[in-house]
Amino acid sequence: MRPIRVLLAEDHHLVREGLRLLLEGQGEFEVVGQAADGLQALSLAESQRPDVVVMDISMPNLNGLEATARLADLPLAPRIVILSQHRRHQYVVQALRAGASGYLLKDSVTDELTRAIRMVYDGDRFLSEQLPIDLIEDYLRLPEDESPLDALTPREREVLQLVAEGNTNRQIALRLSISVKTVEKHRFNLMEKLNIHDVTGLVRFAVLHGIIAVDDEDALAEQ
């Protein structure tokens with residue numbers, strides 16, 4: 001029986017190496033690639049065709065939720081396990097609706113990672129035992145509310161993340177290989193669609209919708 005092919009997407013090199021050693025030490029997994037951000041994860045998923053992607057939810061350039069949604073649209077989409085420190089049910093529901101098959105808390109990795117990968121590979125759903133599973137299931141049964149993010153194009157969501165991360169228009173243009181004028185147009189359009197007209201508001205919106213992470217997201221949410 002061939003090993004389960006796994007792609008690791010996590011922006012911290014030491015964490016990726018730890019996950020690789022943990023998986024390859026089991027003998028039933030093969031790590032076929034490592035990505036430091038969502039854009040690399042998309043590229044490697046298309047070239048390496050992994051069975052399962054272990055995806056950090058908070059990554060630079062393209063976050064794990066956006067990368068998950070794009071991977072789910074591939075003709076031969078891999079199963080995706082979100083790896084996250086966020087316990088709030090909103091993040092979990094958002095990840096599952098984006099196309100993830102599992103949600104693993106980072107402080108449970110040692111105990112649950114291999115089980116999570118096996119379960120999603122077999123077509124099942126996996127949720128860390130520490131999560132409010134009954135509450136999550138209740139939310140998943142409700143009609144899906146339209147998100148403000150749905151009004152944005154994929155490129156506008158990329159620009160939103162890069163703005164919220166503190167990049168200038170010129171830095172964003174270089175990162176995305178587009179002109180500064182095009183960045184300015186995307187930036188204007190997304191601010192109009194979201195009815196947010198300052199960077200502070202965009203940062204707060206990005207945090208509350210899981211696009212970027214901060215140390216104290218609950219305090220921010222209450223503001």
Side-chain angles (χ1 to χ4, degrees), residues 5-17 19-20 31-50 52-78 80 82-84 94-95 97-100 147-214:
R5 294 166 53 82
V6 180
L7 170 64
L8 301 175
E10 154 68 53
D11 60 329
H12 293 96
H13 174 73
L14 290 178
V15 175
R16 289 200 311 273
E17 278 299 297
L19 295 175
R20 181 185 66 81
V31 176
V32 298
Q34 298 185 44
D37 61 41
L39 292 176
Q40 289 182 4
L42 293 176
S43 177
L44 285 172
E46 292 194 57
S47 64
Q48 299 301 316
R49 296 295 183 187
V52 177
V53 179
V54 178
M55 181 88 72
D56 186 10
I57 202 171
S58 300
M59 292 187 292
N61 299 325
L62 190 71
N63 65 84
L65 292 177
E66 181 69 21
T68 293
R70 296 191 191 185
L71 284 176
D73 286 337
L74 293 177
L76 296 174
I80 301 168
I82 290 291
L83 181 64
S84 177
Q94 192 175 354
R97 284 180 169 167
S147 168
L149 287 172
D150 295 337
L152 305 183
T153 66
R155 181 63 94 189
E156 287 167 353
R157 291 195 293 269
E158 284 184 73
V159 171
L160 169 61
Q161 177 171 349
L162 292 169
V163 169
E165 288 173 348
N167 293 282
T168 65
N169 288 350
R170 184 170 297 278
Q171 289 170 326
I172 295 171
L174 289 171
R175 189 78 58 86
L176 299 180
S177 299
I178 57 179
S179 70
V180 172
K181 264 192 174 177
T182 302
V183 173
E184 292 172 347
K185 180 180 178 182
H186 288 314
R187 186 167 175 160
F188 174 82
N189 287 341
L190 71 90
M191 293 176 93
E192 286 294 304
K193 289 178 180 180
L194 298 177
N195 194 27
I196 300 173
H197 301 286
D198 59 83
V199 173
T200 300
L202 290 179
V203 171
R204 186 173 186 275
F205 177 89
V207 171
L208 295 179
H209 287 81
I211 297 170
I212 64 172
V214 295

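Along the sequence shown, the residues carry numbers beginning at 1. Owing to the predicted nature of the structure, the values given are computational and were not obtained by experimental measurement.
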Checklist entry - Rounded to the nearest 0.5 Å, what separation is found between the CG atom of Leu19 and the CG atom of Leu14? => result 11.0 Å
Item to check | Side chain proximity check, Thr182 to Arg155, heavy atoms < 4.5 angstrom | outcome: no
Item to check | Non-hydrogen side-chain atoms of Val159 and Asn189 separated by less than 4.5 Å | outcome: no
Item to check | Smallest separation among heavy atoms of His209 and Pro148, with atom names | outcome: NE2-CD, 4.0 Å
Item to check | Test side chain to side chain contact (heavy atoms under 4.5 Å, CB included) applied to Arg204 and Ile196, step by step | outcome: CA-CA 10 Å; Arg204 186 173 186 275; Ile196 300 173; over 6 Å; no
Checklist entry - Leu8 and Val54: side chain to side chain contact (heavy atoms under 4.5 Å, CB included), yes or no, with the steps? => result CA-CA 5 Å; Leu8 301 175; Val54 178; 4.0 Å; yes
Checklist outcome for this item: The reported gap from CG in Asp11 to CG in Asn63 (rounded to nearest 0.5 angstrom) is 11.5 Å
Checklist entry - Does the side chain to side chain contact (heavy atoms under 4.5 Å, CB included) test come out yes or no for Glu158 and Leu39, once each step is laid out? => result CA-CA 10 Å; Glu158 284 184 73; Leu39 292 176; 4.0 Å; yes
Checklist entry - Looking at Lys181 and Glu184, does any basic side-chain N land under 4.0 Å from a carboxylate oxygen? => result no
Checklist entry - Between Glu165 and Pro60, what is the shortest heavy-atom contact and its length? => result OE2-CA, 3.3 Å
Checklist entry - Is a donor on one side and an acceptor on the other found under 3.5 Å between the side chain of Glu66 and the backbone of Leu62? => result no
Checklist entry - Where do Pro50 and Val53 come nearest, in terms of heavy atoms and distance? => result CG-CG2, 3.9 Å
Checklist entry - Side-chain contact, heavy-atom cut-off 4.5 Å: Val199 with Arg187? => result yes
Checklist entry - Rounded to the nearest 0.5 Å, what separation is found between the CG atom of Leu202 and the CG atom of Leu160? => result 6.0 Å
Checklist entry - Which residue pairs pass the salt bridge (charged side-chain N to carboxylate O under 4.0 Å, His left out) test with at least one member in residues 193-202, sequence neighbours excluded? => result Glu156-Lys193
Next on the checklist: Quick one, Arg157 with Ile211, criterion side chain to side chain contact (heavy atoms under 4.5 Å, CB included). Give me CA distance, side-chain angles, the key distance, then yes/no.
Outcome noted: CA-CA 9 Å; Arg157 291 195 293 269; Ile211 297 170; over 6 Å; no
Checklist entry - Is any side-chain heavy atom of Ile178 less than 4.5 Å from a side-chain heavy atom of Val183? => result yes
Item to check | Non-hydrogen side-chain atoms of Leu176 and Leu162 separated by less than 4.5 Å | outcome: yes
Checklist outcome for this item: Heavy-atom nearest pair, Ala35 first then Ala41, reads CB-N, 3.4 Å
Checklist entry - Roughly how far apart are Asn195 CG and Leu190 CG, rounded to 0.5 Å? => result 12.0 Å
Item to check | Between Glu17 and Gln34: side-chain donor-acceptor atoms closer than 3.5 Å | outcome: yes
Next on the checklist: Using 0.5 Å steps for rounding, measure from the CG atom of Leu76 to the CG atom of Leu71.
Outcome noted: 12.0 Å
Checklist entry - So, do Glu46 and Leu74 sit near enough that their side-chain heavy atoms are less than 4.5 Å apart? => result yes
Next on the checklist: Could you report the tightest heavy-atom contact between Ala67 and Met55, atom names first, then the distance?
Outcome noted: CB-CE, 3.8 Å
Checklist entry - How many angstroms lie between CD in Gln161 and CG in Asn167, if you round to the nearest 0.5 Å? => result 9.5 Å
Item to check | Heavy-atom pair of closest approach, residues Ala206 and Ala164 | outcome: CB-CB, 3.7 Å
Item to check | Note, Leu149 side chain near Gln94 side chain (heavy atom, < 4.5 Å) | outcome: yes
Checklist entry - Heavy-atom distance under 4.5 Å between the side chains of Ile172 and His186, does that happen here? => result no
